[in-house]
There are 2 protein chains.
Amino acid sequence: MEKNKMIRIKDIAKLSGVSVGTVDRVIHKRGKVSEAARQKVEKVLKEIDYTPNLLAKTLGSSKVYKIALLVPNPKQDPYWNLSLQGLEASKVEWRPYHMVLEPHFFELHDFGSFKSASKKLMDSKPDAVLSAPIFLNEALEFFKELDELNIPYVHFNTMIPDVSPLAFIGQDLYQSGRLGASLINLGTDCNNNTVSILHVSESIQFSVHFKEKERGFRDYFSSLNNGIVTVSSVIIEGDDMKSFESKLIEAIKKDKIKGLFIPTSSGAKLTAEILRKNKLSDMCIVGYDLLEENVELLKSGDINFLINQNPNRQVFRGIHHLANLLLFNKQAPEKELFPLEVITRENVDSYIKSTIH
Amino acid sequence: MEKNKMIRIKDIAKLSGVSVGTVDRVIHKRGKVSEAARQKVEKVLKEIDYTPNLLAKTLGSSKVYKIALLVPNPKQDPYWNLSLQGLEASKVEWRPYHMVLEPHFFELHDFGSFKSASKKLMDSKPDAVLSAPIFLNEALEFFKELDELNIPYVHFNTMIPDVSPLAFIGQDLYQSGRLGASLINLGTDCNNNTVSILHVSESIQFSVHFKEKERGFRDYFSSLNNGIVTVSSVIIEGDDMKSFESKLIEAIKKDKIKGLFIPTSSGAKLTAEILRKNKLSDMCIVGYDLLEENVELLKSGDINFLINQNPNRQVFRGIHHLANLLLFNKQAPEKELFPLEVITRENVDSYIKSTIH
DNA sequence: TTGAAAGCGCTAACAG
DNA sequence: CTGTTAGCGCTTTCAA
């Protein structure tokens with residue numbers, strides 16, 4: 001079944017008639033090898049299937065790898081706080097392999113703080129970077145810089161154009177929108193309804209993210225042929241929060257809205273409070289992510305579904321790929337798409353209890 | 001932040017005034033240590049926080065651990081085939097740590113084959129066992145034997161009484177039944193319906209499993225106060241397959257069944273085929289697990305929901321716990337409950353694509 | 001440009 | 001009973 005013995009550098013050395021030192025130099029391209037020796041070794045390497053022993057490798061080496069994280073300040077937004085939990089899990093996972101993980105935070109609505117955070121990050125000379133690509137265009141120069149210095153980086157949460165990270169970790173946002181639509185379709189009893197997508201104080205920087213979800217949402221309903229469902233959209237801008245309530249209520253009354261799709265994780269709570277206050281309880285609401293407040297709302301029946309983006313695991317996997325690259329030189333898949341998890345009142349506890357996930 | 005240096009056996013030796021050999025003997029309780037030396041070392045151990053370096057440990061040791069798996073023959077049932085995929089993932093995960101994983105199969109309906117498989121398993125002298133506890137009572141003596149030999153074992157899939165494995169990995173089956181009920185409740189348009197749980201050729205051995213699901217299913221509907229839903233149950237026994245069709249159709253007609261809950265992963269296909277043949281399309285069906293056939297049915301709209309039990313990951317986690325025990329002496333949690341994953345036509349692809357999960 | 005050799009932290013065999 | 005020592009496979013000097 002299994003190969004009898006693992007092949008060691010020593011074996012390769014013997015086979016190619018050189019010393020272990022030379023083999024090591026060839027494998028790691030550390031130069032200082034004659035053309036003749038290099039060819040002999042590479043010939044052998046081609047013929048056999050050598051996998052270095054990770055244990056011996058990190059035990060024998062003093063090199064410490066540093067992976068830097070660049071994310072919005074978790075104190076500002078519970079969503080990013082969730083993602084940070086993945087960092088802690090990663091720390092214990094990789095500590096044995098000399099991997100140091102350092103988060104760098106910036107303020108969501110302050111480009112200046114992004115500038116300075118990314119500067120500090122670069123100063124720390126990381127071997128790799130995991131980043132949530134906020135401030136899209138403005139941050140392009142940051143990714144350029146990483147490219148130039150040959151520092152590998154992985155993106156998560158939102159896929160952005162014109163950048164080619166080593167990998168992207170996240171969900172299919174279009175499909176996420178479709179799923180949200182299908183859940184609302186399930187939850188609203190009859191046809192002949194209006195449903196609406198509610199954009200509540202979304203950062204402009206994320207427009208791609210929410211546009212994709214909206215596209216999926218609308219496509220789902222327009223491809224539905226059994227009933228007439230109208231899709232509208234309500235937009236609540238950044239400092240519009242005072243008029244949020246009146247605007248929302250007005251739209252609901254005018255369009256007879258029966259279903260609300262809220263693509264921001266923190267929008268559900270604001271909305272549910274308004275609906276409750278105005279005694280509008282026959283509404284089907286789909287929100288995002290297992291924030292504590294959202295879990296409450298699900299249990300109390302104020303909202304009907306959540307779609308879980310699993311930000312903590314996104315970070316965990318992002319670091320996994322980076323570590324694998326640094327340690328084994330193993331290429332990550334270009335895209336790792338996460339499952340679109342449907343959370344209801346009846347399965348939410350099972351998600352919260354499952355520690356790992 | 002981090003401790004400056006990791007503490008090594010060498011340090012402990014110096015602190016307690018003995019040699020590394022003695023420290024090693026104390027730590028591993030290999031005897032051959034004088035009371036005086038033991039006390040000195042243990043005093044130091046108590047004061048500092050020593051964590052052995054796993055890399056050095058497995059590198060320096062020739063010990064190979066063997067974990068045996070005892071599961072139904074995957075060729076007989078696609079469900080168990082899924083679970084076996086977790087084995088392959090575990091193999092690559094743990095190979096670097098000298099962990100050998102060996103499956104042992106038995107036939108689902110043949111107690112004799114269970115006997116001989118478990119016998120062979122014991123003969124292979126495993127260091128730990130992961131098992132799906134089929135043949136409940138009949139297998140008790142097997143677990144007794146493991147207890148006596150002090151071989152740790154973990155159960156997955158179904159929790160059984162009167163046995164205390166190191167850990168149980170699986171789902172809350174009662175809640176799973178409730179979830180199934182809630183999905184059917186969503187999927188059937190109006191109230192005043194009959195819904196039914198369909199027991200199709202379930203192994204008697206699993207009765208606990210299905211009883212729990214049924215209990216949750218019934219409880220959900222009886223706690224519902226907004227509509228009158230009647231719950232019936234249709235039982236198709238092992239060799240009753242010829243009369244399956246007539247029996248099912250008869251029940252549907254008689255009770256005006258609008259929703260079917262099918263707690264076996266392989267039951268959905270049989271049922272869906274019959275319904276399609278008899279042109280009964282306005283039925284809400286909830287089945288289990290991402291068998292290829294079930295995925296097809298979900299996509300074609302013949303069934304409405306699947307609840308994913310994630311058997312492959314159950315195996316993966318079970319082995320994870322066992323390996324952690326053998327390697328680090330790290331205790332596993334008594335129960336690891338998995339999230340109850342809701343699969344619909346709109347998110348099924350996202351689950352299939354996500355390799356890891 | 002090369003080979004030899006000294007670690008990395010732990011285990012296990014071997015003399016005392 | 002106890003200390004010493006030779007590996008485990010790889011990295012990283014250091015001479016040659």
Side-chain angles (χ1 to χ4, degrees), chain A residues 3-42 44-45 48-65 95-99 127 326-329, chain B residues 3-42 44-45 48-65 95-99 127 326-329:
Chain A
K3 274 286 178 305
N4 221 1
K5 286 229 165 220
M6 274 316 206
I7 291 158
R8 301 159 306 168
I9 277 195
K10 207 183 190 176
D11 302 318
I12 301 176
K14 194 166 292 169
L15 285 174
S16 42
V18 296
S19 73
V20 292
T22 305
V23 174
D24 186 75
R25 270 160 233 154
V26 171
I27 289 175
H28 296 94
K29 306 194 208 313
R30 296 198 222 280
K32 277 99 197 322
V33 180
S34 70
E35 195 46 33
R38 211 178 48 72
Q39 300 220 343
K40 278 192 290 185
V41 174
E42 289 194 329
V44 176
L45 280 175
I48 61 165
D49 183 30
Y50 171 67
T51 325
N53 181 325
L54 179 62
L55 277 57
K57 182 169 180 166
T58 79
L59 184 61
S61 160
S62 55
K63 171 140 190 64
V64 172
Y65 291 104
R95 175 155 43 211
Y97 302 104
H98 300 181
M99 196 71 55
D127 299 284
L326 296 177
L327 254 29
F328 300 97
N329 201 28
Chain B
K3 274 287 178 300
N4 222 358
K5 287 227 164 222
M6 275 317 210
I7 291 158
R8 303 159 304 168
I9 278 194
K10 207 183 193 177
D11 302 317
I12 300 176
K14 194 166 291 169
L15 285 174
S16 43
V18 297
S19 73
V20 291
T22 305
V23 174
D24 186 74
R25 280 178 279 248
V26 171
I27 288 175
H28 297 94
K29 305 194 209 313
R30 296 198 223 279
K32 277 102 195 320
V33 181
S34 72
E35 198 42 35
R38 208 177 52 71
Q39 300 219 342
K40 278 192 291 186
V41 174
E42 289 195 329
V44 176
L45 281 175
I48 61 164
D49 183 31
Y50 171 67
T51 324
N53 181 325
L54 180 62
L55 278 56
K57 183 171 177 164
T58 77
L59 185 60
S61 161
S62 55
K63 173 142 188 61
V64 172
Y65 291 103
R95 176 156 41 211
Y97 302 104
H98 299 182
M99 197 70 57
D127 299 283
L326 296 176
L327 253 31
F328 301 96
N329 201 28

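Chain naming here is simple, since letters A, B, ... match the order of the sequence lines and numbering starts at 1 in each.
Here the rule is side chain to side chain contact (heavy atoms under 4.5 Å, CB included) with A:E42, and of A:K40, A:R38, A:Q39 only A:R38 fits it. Checking A:L45, A:V41, A:N329 one by one against A:I27, the side chain to side chain contact (heavy atoms under 4.5 Å, CB included) holds for a single residue, A:L45.
Counting to the nearest Å, the P atom of D:dG3 and the CZ atom of B:R38 are 16 Å from each other. Atom NZ of B:K29 is separated from atom C1' of C:dT11 by 17 Å (rounded to the nearest Å). When rounded to the nearest whole Å, the span between CG of B:L327 and P of C:dC10 equals 14 Å. Atom pair B:K32:NZ and D:dC1:P shows a separation of 7 Å (rounding to whole Å applied). The distance from atom NZ of A:K14 to atom P of D:dC10 is 14 Å, rounded to the nearest whole Å. In this entry the distance linking CD1 of B:I12 with P of D:dG3 reads 15 Å, nearest Å. Spacing between atom OH of B:Y65 and atom P of C:dT11 amounts to 9 Å, rounded to whole angstrom units. Across the protein-nucleic acid pair, B:K10 atom NZ and D:dG3 atom C1' stand 14 Å apart, rounded to whole Å.
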Can you build the contact string for nucleotides 11-16 of chain D? Use B for base contact, S for sugar-phosphate-only contact, and - for no protein heavy atom under 4.0 Å. SBB---
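Listed by first then second residue, pairs satisfying side chain to side chain donor-acceptor pair (under 3.5 Å) with a partner in residues 15-26 of chain A read A:S19-A:T22, A:D24-A:H28, A:D24-A:R30, not counting sequence neighbours.
Residues A:V44 and A:Y50 form no side-chain contact, since every pair of their non-hydrogen atoms from C-beta on lies 4.5 Å or further apart. Under the 4.5 Å side-chain criterion, counting only non-hydrogen atoms from C-beta, B:K63 is in contact with B:D127.
Between B:L59 and B:V33, it is B:V33 whose nearest contact on DNA chain D lies nearer the 5' terminus.
For B:N53, the listed nucleotide lying nearest its side chain is C:dC10; candidates were C:dC10, D:dG9, C:dT2. Closest contact between the side chain of A:V18 and the listed nucleotides C:dG3, D:dG3, D:dC8 involves C:dG3.
Here A:T22 does not reach the OP1 or OP2 of C:dT1: none of its side-chain N or O atoms lies under 4.0 Å away.
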Side-chain donor-acceptor pairs of residues 51-58 of chain B under 3.5 Å, sequence neighbours excluded:
from	atom 1	to	atom 2	distance (Å)
B:N53	OD1	B:L55	N	2.8
B:N53	OD1	B:A56	N	3.1
B:K57	NZ	B:L327	O	3.1

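Residues B:D11 and B:M6 share a closest heavy-atom pair of OD2-O, 3.9 Å.
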